[in-house]
Amino acid sequence: MKKSVLTLGILLHFCSYKAQDTIQSRNLQQDLALISTSSPIKEPTPFFKKEWVKKSVAPAILFTAAAATWGEKENIREVRNRYLPNFKMKYDDYLQYAPAVAVYGLKLGGVKGRNNLGRATLSYGASLVIMGILVNSIKYTTKVERPDGSKNNSFPSGHAAMAFTNASFLHKEYGMVNPAYSIAGYGSATLTGLGRNLNNRHWVPDILAGAGIGIIATELGYFFIDKIYKNKGDNLSILSRIQGNDYPSFLSLKMGTALGTTNFLKESELDDKKQIGFEGGLEGAYFFSKKWGVGADVSFSSFPIKSQRITLDDGQDFGDHEIKTQSMGFLSAGIGPYFSHEFSDKWQLTLKLTGGYAATASGKVFVKGNEIDAPNHELQIARYKPKPAFRWNTGASMTYKFNPGLGLTFYTDYNQINSTIRYHFSDELKESAELDQELNNLIAKEKINYITLGLRLTAYF
């Protein structure tokens with residue numbers, strides 16, 4: 001009996017051991033299979049979501065715009081000379097430093113930013129060194145003449161590069177604390193660049209390229225200093241991160257092509273074609289909910305007027321003479337309701353309807369011909385002065401958000417202005433009472449309708 005029990009015990013122990021070994025072996029195999037089949041396979045990051053791509057978007061747009069406007073820089077300067085020939089305000093010499101001053105003011109005031117004072121200064125210093133090397137190496141290699149003819153170091157703009165380096169510095173340190181800091185920084189940098197153009201010190205491509213260099217220099221400066229510290233900021237753990245905006249309030253810079261849908265001077269018989277011009281300006285809206293808000297825009301648009309040949313009543317050309325009319329420029333402002341709809345966290349549709357006023361610049365009318373003994377073979381025969389008029393505007397836009405605080409917007413707007421234009425002819429006409437009465441009281445009512453297609457750089461707050 002004892003032998004039987006002992007034998008049974010040994011057998012049970014042996015079977016138990018084998019079963020346990022089998023279970024362990026099976027579990028190990030299953031675990032290995034489970035690991036091999038269920039371990040997450042790291043998928044490649046989509047191209048447009050890669051960090052370096054996101055950081056390169058704004059500079060790439062600016063460099064592309066610089067290249068696109070290079071052939072038009074003379075025409076753009078003519079617009080400046082037409083409307084603001086005597087502009088001289090040196091605010092751009094000082095405003096370029098404002099964002100950097102703001103950073104140090106905030107830090108000395110105890111406002112927490114991305115980094116503490118010492119590390120922020122190192123990042124800023126590295127950015128300035130990189131910016132200075134890029135700007136000066138290009139300046140004294142390309143040797144582009146300034147628009148005022150003073151020197152051959154116009155491209156790229158050092159003021160614009162400094163301004164956007166400083167704006168990016170403010171954005172890096174405090175943009176994640178509140179997007180309003182970024183908007184203020186880049187807004188002041190934009191005004192600096194505009195000042196360089198209005199003061200006739202730089203061409204538009206100089207300013208766009210300088211802005212791109214400033215942004216890149218700051219990104220590189222922070223990249224190298226972050227590598228030294230082995231992290232992306234001293235205070236990231238205690239700063240509230242921007243997860244998204246409940247309401248799509250925004251401020252944007254816009255630029256586009258304006259396409260006339262009517263002949264602007266049809267009643268005056270000074271133009272017989274629909275014109276193509278350009279538009280630039282600011283637009284913003286404050287939303288009270290995710291769908292509805294109120295917004296406003298301020299924009300400037302300019303349209304060239306094609307010269308017209310002079311013909312007699314019998315239809316014959318009057319020699320080689322032609323009528324040349326200066327371009328028409330509109331400074332417009334409007335306000336009205338905005339509607340927004342988000343298709344996803346990346347795509348957003350915005351609709352608007354605004355009303356306001358448009359002020360149209362005065363201009364001159366010339367007769368041009370090789371036989372005219374005058375500068376450029378042109379003789380002024382009249383000037384025109386449009387009255388301020390009501391403008392209504394409606395449009396739609398689609399925004400792609402690079403992150404919750406910044407996006408690129410494609411927009412299309414329709415504008416309508418009913419303008420009344422009075423013509424004043426040369427004083428010589430006053431010698432003839434009949435011509436003076438007929439021509440100097442000439443008033444034309446023109447319908448000015450145009451569509452704008454363009455891009456906006458949109459900042460959300």
Side-chain angles (χ1 to χ4, degrees), residues 40 42-63 96-137 158 160-186 188-189 210-245 401-406 459-461:
K42 188 175 181 180
E43 296 183 358
T45 304
F47 180 77
F48 287 104
K49 291 186 178 181
K50 293 181 178 180
E51 187 175 1
W52 69 269
V53 174
K54 293 179 181 179
K55 295 180 183 298
S56 301
V57 169
I61 292 172
L62 290 166
F63 292 141
Q96 61 179 320
Y97 302 109
V101 172
V103 170
Y104 284 104
L106 289 167
K107 290 193 179 299
L108 294 175
V111 180
K112 286 287 186 182
R114 175 187 293 266
N115 296 306
N116 296 328
L117 182 61
R119 179 171 171 181
T121 301
L122 284 176
S123 299
Y124 180 47
S127 304
L128 290 178
V129 169
I130 295 170
M131 181 272 293
I133 292 173
L134 291 174
V135 168
N136 288 290
S137 61
M162 175 63 76
F164 277 85
T165 298
N166 291 333
S168 298
F169 179 40
L170 177 59
H171 167 69
K172 283 286 191 181
E173 289 298 320
Y174 288 100
M176 67 186 307
V177 176
N178 192 322
Y181 289 121
S182 300
I183 294 171
Y186 286 116
S188 68
I213 289 173
I215 295 173
I216 282 181
T218 308
E219 291 291 350
L220 291 174
Y222 270 78
F223 174 80
F224 289 118
I225 299 302
D226 288 350
K227 289 296 184 182
I228 294 174
Y229 280 85
K230 299 181 180 180
N231 60 55
K232 293 188 176 182
D234 294 328
N235 303 316
L236 292 182
S237 61
I238 62 175
L239 292 178
S240 58
R241 298 176 180 272
I242 301 172
Q243 298 296 339
N245 297 283
K401 292 185 177 181
F402 305 116
N403 56 55
L406 185 68
Y460 291 91
F461 62 93

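For clarity, every value in this text was computed on a predicted model and none was experimentally measured.
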J.: Would you name the heavy atoms of Lys232 and Arg114 that are closest together and state the gap between them?
T.: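 Lys232 and Arg114 have their closest heavy atoms at O-NH1, 3.1 Å.
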
J.: With sequence neighbours excluded, tell me which residues meet side-chain contact (heavy atoms from CB on, under 4.5 Å) with Ile183.
T.: Leu251, Ala459, Phe461

J.: According to side chain to side chain donor-acceptor pair (under 3.5 Å), who are the partners of Tyr181, at least two apart in sequence or on a separate chain?
T.: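 Counting only residues at least two positions away or on another chain, Tyr181 forms no side chain to side chain donor-acceptor pair (under 3.5 Å).
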
J.: Under the side chain to side chain donor-acceptor pair (under 3.5 Å) rule, collect the residues that match up with Ser168, sequence neighbours excluded.
T.: Tyr186

J.: Nearest heavy-atom pair of Ile215 and Ala58: which atoms, and what distance?
T.: CD1-CB, 4.4 Å

J.: Under a 4.5 Å cut-off applied to non-hydrogen side-chain atoms, are Glu173 and Lys107 in contact?
T.: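 Glu173 reaches Lys107 side chain to side chain.
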
J.: Roughly how far apart are Phe164 CZ and Ser188 OG, rounded to 0.5 Å?
T.: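 The OG atom of Ser188 is 8.5 Å from CZ of Phe164, to the nearest 0.5 Å.
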
J.: Go through the steps for Asn235 and Asn116 under the test side chain to side chain donor-acceptor pair (under 3.5 Å), then give the verdict.
T.: CA-CA 8 Å; Asn235 303 316; Asn116 296 328; 3.2 Å; yes

J.: Please, which pairs that meet salt bridge (Lys or Arg N to Asp or Glu O under 4.0 Å) have at least one residue in residues 121-137, sequence neighbours excluded?
T.: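 Matches after skipping sequence neighbours: none remain.
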
J.: Give the table of side-chain donor-acceptor pairs shorter than 3.5 Å for residues 123-136, with sequence neighbours excluded, one pair per line with atom names and distance.
T.:
unit_1	atom_1	unit_2	atom_2	d
Ser123	OG	Arg119	O	3.2
Tyr124	OH	Asn166	OD1	2.6
Ser127	OG	Ser123	O	2.8
Asn136	ND2	Gly132	O	2.8

J.: Which value, rounded to the nearest 0.5 Å, describes the distance between Leu122 atom CG and Ile228 atom CD1?
T.: 7.5 Å

J.: By side-chain contact (heavy atoms from CB on, under 4.5 Å), which residues pair with Thr121, not counting sequence neighbours?
T.: Tyr104, Leu117

J.: On a heavy-atom basis, which atom in Gly212 and which in Pro59 lie closest, and how many Å separate them?
T.: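 Shortest heavy-atom contact: O-CB, 4.0 Å.
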
J.: Can you name the closest pair of heavy atoms from Ala163 and Ala189 and give their distance?
T.: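 Nearest pair, atom of Ala163 first, then Ala189: O-CB, 3.7 Å.
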
J.: Assess, by modelled atom type and distance only, whether the side chains of Asp226 and Asn231 contain a donor and an acceptor separated by less than 3.5 Å.
T.: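 Side chains of Asp226 and Asn231: no pair found under 3.5 Å.
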
J.: Out of curiosity, Thr218 OG1 to Leu170 CG, how far, rounded to the nearest 0.5 Å?
T.: 11.0 Å

J.: If we only count heavy atoms from C-beta on, is the Lys172 to Glu219 side-chain gap below 4.5 Å?
T.: yes

J.: Of the non-hydrogen atoms in Pro99 and Gly185, which two are nearest, and what is the gap between them?
T.: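 Residues Pro99 and Gly185, closest heavy atoms: CG-O, 3.9 Å.
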
